[in-house]
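Accompanying notes for the structure given below.
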Amino acid sequence: MAGIQKIKIPIQPSELTVESILPYLGEVFEKFEQNRSNIEKHWKIFENQHEIENKTRRYDDDSAVNNVCSTPYLYEMVTFKSGYAFGNPKEYAQSAQNQSLGLKYLNRYSRDANERSVDKNVAVYNYATGCGYYFIEPKSIDFDAEYEAPYVIYDKMPNTCTKVYSSYNGEAELFDMLVTSLKKIENGKEKETTILSVYLPNVYTEFEYNSLAGVSYKFKEIQGKRKTRSVYKMLPLVEKFANENRIGIVEIGKSLQDSIDKLNSNQLDNVEDLVNELLVFFNVVLGKNQQEEADFLKNGKKNGVFVLNDKNPEIKSDVKTLTQKLDYNGIITIINNMKRDLFDSCGVPIPSSEASSGGSNTGAVEKGNGYDNAYNRILDDYNSFEKADREILKRKIFICKSFVNSKVNDLFASDIDINYNPNMSDNMLTKSQSYVNFVEHNVPPVLAIQWCRIANDANTPANQIDEYIKKQQENQTMDAEMQTVKNDINTSNSGNING
């Protein structure tokens, strides 16, 4: 099964209690373990621990010529996508008619909580493994509401937590689960205990599973851990994913990445020993036994010289090579085609010296098409991300309003736009020239910016341009009026002198 499976149990939100979920915890944890295994496998591949690391020579046990070339394309693509999506921070905005002071505080709180870094980390988890998680809760310490966020927000690796949904129509969120494994030695034996920290809307509690209990995944509630959630009843985990199947870049590109690694590694082997080279000896005594024959071949290859002993003096001894060389140009073409397929399928432009940012050569066209594909794909990702980001926004506003002297009482999540800011600086020279042509032909700046794809949110820079032009016109008008006044004064003074 591809992707991270969505964990669902047959409980309605109205039936949700600690007692009602207990019979399903074993099943939930088993599915979580399956997901965790896939997540950790893909994370290792993202960290460049590729299958090629286990490469061996099929026909040659000489480990000295066993090259391993692991190209970090998957790492490159994940970091590009996360940087492209959230290298510039997302922003909260309102229309000019509804602009409120509370929005200024909300953006200030985002900076204080370091949400830019959190967004980037969650994006890396999402693109590498298929999903990522935020954890947000009210601060438990004093803070200055004028400058400090009343909440804390963290990024969570998807192998440490999960969200559980209802299997009924709508698949509503039921509860959040954080998983902690503890190991200790008791009576000379290693004991592993798994703790489930479970957040229901009205209750928080913890469950325990002892690996020595002999019963698979049977959890019991830990006494004294149950607490009522009386104020902040929203679930603290927010899941972010780019597609409903929760399939990451690593899972999509693994087979192509492995093939590229294999071809590159075998090419390096070929450079050293010419792949599939055979030595053919005629009328030669190599050794008295198999070990001496092996030593003779190894020493000859190492020293570059074979001393031949005739088996039959009447026949001249000789040695020849049978070599099957690889077609390097053909292999490079195959690798480049695979690389193009890999990057295109994941919505990432190929970072190559062949693909410059200007001119009309083939590489530039491919580069431009790569960025077109990347931009269209990132817009699709944003459509999926906005669900999670709006849930984060709702929790932030709720937490802020739950404190005395809240600075955001006039804010509602439905009145706020979430603006994403992908890096739009590719091919900027052509874009700027096109923008000038549009404006010179009386196209409004907001449309020119959209058509030239200079900014993802065209309204903000267009408004700034309009304000700048208006200010310039006002200054020019003031300068003209001042000059008129000066001219009038000079004319008046000149008349008095002549008189």
Side-chain angles (χ1 to χ4, degrees), residues 1-8 35-36 38-47 73-91 115-136 153-163 165 171 173 237-257 341-350 370-393 417-424 456-457:
M1 179 180 178
I4 299 175
Q5 59 179 320
K6 188 175 183 179
I7 301 177
K8 296 177 283 189
N35 284 341
R36 177 156 65 177
N38 287 329
I39 289 166
E40 291 176 350
K41 177 180 71 175
H42 294 146
W43 187 256
K44 287 181 180 179
I45 295 172
F46 161 68
E47 292 181 323
Y73 291 146
L74 294 175
Y75 177 87
E76 209 173 285
M77 289 190 295
V78 169
T79 53
F80 172 88
K81 289 279 279 189
S82 60
Y84 191 44
F86 294 105
N88 297 319
K90 67 177 187 286
E91 297 173 339
E115 289 180 41
R116 184 174 182 176
S117 296
V118 175
D119 282 334
K120 190 269 292 183
N121 291 340
V122 173
V124 170
Y125 302 151
N126 165 71
Y127 286 122
T129 69
C131 77
Y133 285 94
Y134 296 89
F135 184 92
I136 179 170
I153 185 168
Y154 311 103
D155 53 271
K156 296 286 291 182
M157 275 283 286
N159 64 338
T160 64
C161 59
T162 191
K163 187 175 283 289
Y165 300 84
E171 298 183 352
E173 298 179 1
L237 281 181
V238 175
E239 183 183 21
K240 176 175 277 188
F241 49 83
N243 56 78
E244 286 289 341
N245 292 325
R246 297 160 174 82
I247 301 176
I249 284 176
V250 171
E251 189 169 4
I252 293 171
K254 181 181 181 301
S255 61
L256 282 170
Q257 174 72 75
D341 290 343
L342 175 62
F343 278 70
D344 285 348
S345 64
C346 296
V348 177
I350 297 177
Y371 268 103
D372 285 343
N373 182 35
Y375 181 71
N376 293 331
R377 293 285 290 275
I378 206 69
L379 292 183
D380 188 53
D381 291 349
Y382 285 150
N383 290 334
S384 298
F385 291 163
E386 185 166 0
K387 179 181 178 181
D389 289 327
R390 194 153 291 280
E391 288 298 320
I392 288 289
L393 177 60
D417 293 325
I418 301 175
N419 292 333
Y420 299 98
N421 299 297
N423 189 331
M424 310 290 286
N456 192 49
D457 171 29

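None of these values were measured; they are calculated from a predicted model.
Ring-plane geometry between Trp43 and Phe46 is classed as tilted, the angle between the planes lying from 30 to 60 degrees on a 0 to 90 degree scale. Classified by interplanar angle (parallel below 30°, tilted 30° to 60°, perpendicular above 60°), the ring pair Tyr382/Tyr420 is parallel.
Here the CD1 atom belonging to Ile249 is positioned 13.0 Å from the OH atom belonging to Tyr75, to the nearest 0.5 angstrom. Within the model, atoms CG of Asp119 and NZ of Lys90 stand 3.0 Å from one another, a figure rounded to the nearest 0.5 Å. Here the NZ atom belonging to Lys387 is positioned 13.5 Å from the CD1 atom belonging to Ile418, to the nearest 0.5 angstrom. Atom CE in Met157 sits 10.0 Å away from atom SG in Cys131 (nearest 0.5 Å). One finds the CD atom of Glu251 at 9.5 Å from the CD1 atom of Ile45 (value rounded to the nearest 0.5 Å). With rounding to the nearest 0.5 angstrom, the NZ atom of Lys163 is 3.5 Å from the CD atom of Glu173.
There is a side-chain donor-acceptor pair under 3.5 Å between Asp155 and Tyr125. Side chains of Glu91 and Asn419: a donor-acceptor N/O pair is absent below 3.5 angstrom, by distance only. Inspection of the Lys240 and Tyr134 side chains reveals an N or O donor paired with an N or O acceptor under 3.5 Å. Glu239 and Tyr165 share a side-chain donor-acceptor pair at under 3.5 Å.
Side-chain contact check for Cys346 versus Tyr127: every heavy-atom pair is 4.5 Å or farther apart. Taking 4.5 Å as the limit, some side-chain heavy atom of Met77 sits within range of a side-chain heavy atom of Leu342. Side-chain contact between Phe86 and Phe385 is present, with at least one heavy-atom pair separated by less than 4.5 Å. In this structure, Asn38 and Ile4 have side chains that are not in contact, with every pair of non-hydrogen atoms separated by 4.5 Å or more. Residues Ile247 and Ile252 are in side-chain contact: their nearest non-hydrogen atoms beyond the backbone lie under 4.5 Å apart. Here the side chains of Leu393 and Arg390 are in contact, with some heavy-atom distance below 4.5 Å.
Considering all non-hydrogen atoms of both residues, Tyr133 and Thr162 come closest at OH-CA, 3.6 Å. Residue Pro89 comes nearest to Asn421 through the heavy atom pair O-ND2, 2.8 Å, listed as atom of the first residue, atom of the second, then distance. Residue Gln257 comes nearest to Leu74 through the heavy atom pair OE1-N, 3.1 Å, listed as atom of the first residue, atom of the second, then distance. Across all their heavy atoms, Ala374 and Tyr84 have their closest contact at O-CE2, 3.7 Å. Ser82 and Thr79 get closest at one heavy-atom pair: OG-O, 3.1 Å. Between Ile392 and Ile153, the shortest heavy-atom distance links the atoms CD1-CD1, 4.0 Å.
Within the 3.5 Å criterion, the main-chain N or O of Tyr375 finds no donor-acceptor partner in the side chain of Arg377. Here the side chain of Asn126 pairs no donor or acceptor atom with the backbone of Val122 at under 3.5 angstrom.
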* Evaluate the side chain to side chain contact (heavy atoms under 4.5 Å, CB included) criterion for residues Ser384 and Asn243: first the C-alpha distance (whole Å), next the side-chain angles of each, then the deciding distance (0.1 Å), finally the verdict. => CA-CA 7 Å; Ser384 298; Asn243 56 78; 5.8 Å; no
Q. Are Val78 and Val124 close enough, and set up right, to give a side chain to side chain contact (heavy atoms under 4.5 Å, CB included), and what steps lead you there?
A. CA-CA 6 Å; Val78 169; Val124 170; 4.2 Å; yes
Side chain to side chain contact (heavy atoms under 4.5 Å, CB included) for Lys81 and Asp381? Distances and angles first, verdict last.
CA-CA 10 Å; Lys81 289 279 279 189; Asp381 291 349; 3.3 Å; yes
Chi angles and distances behind the ring pair (Phe, Tyr, Trp, His ring centres under 6.0 Å) call for Tyr73, Phe343
CA-CA 8 Å; Tyr73 291 146; Phe343 278 70; 5.7 Å; yes
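For Lys120, the NZ atom sits in a loose shell: 12 or fewer heavy atoms of surrounding residues, nucleotides or ligands are nearer than 6.0 Å.
In this structure Phe241 satisfies the ring pair (Phe, Tyr, Trp, His ring centres under 6.0 Å) test with no other residue, sequence neighbours excluded.
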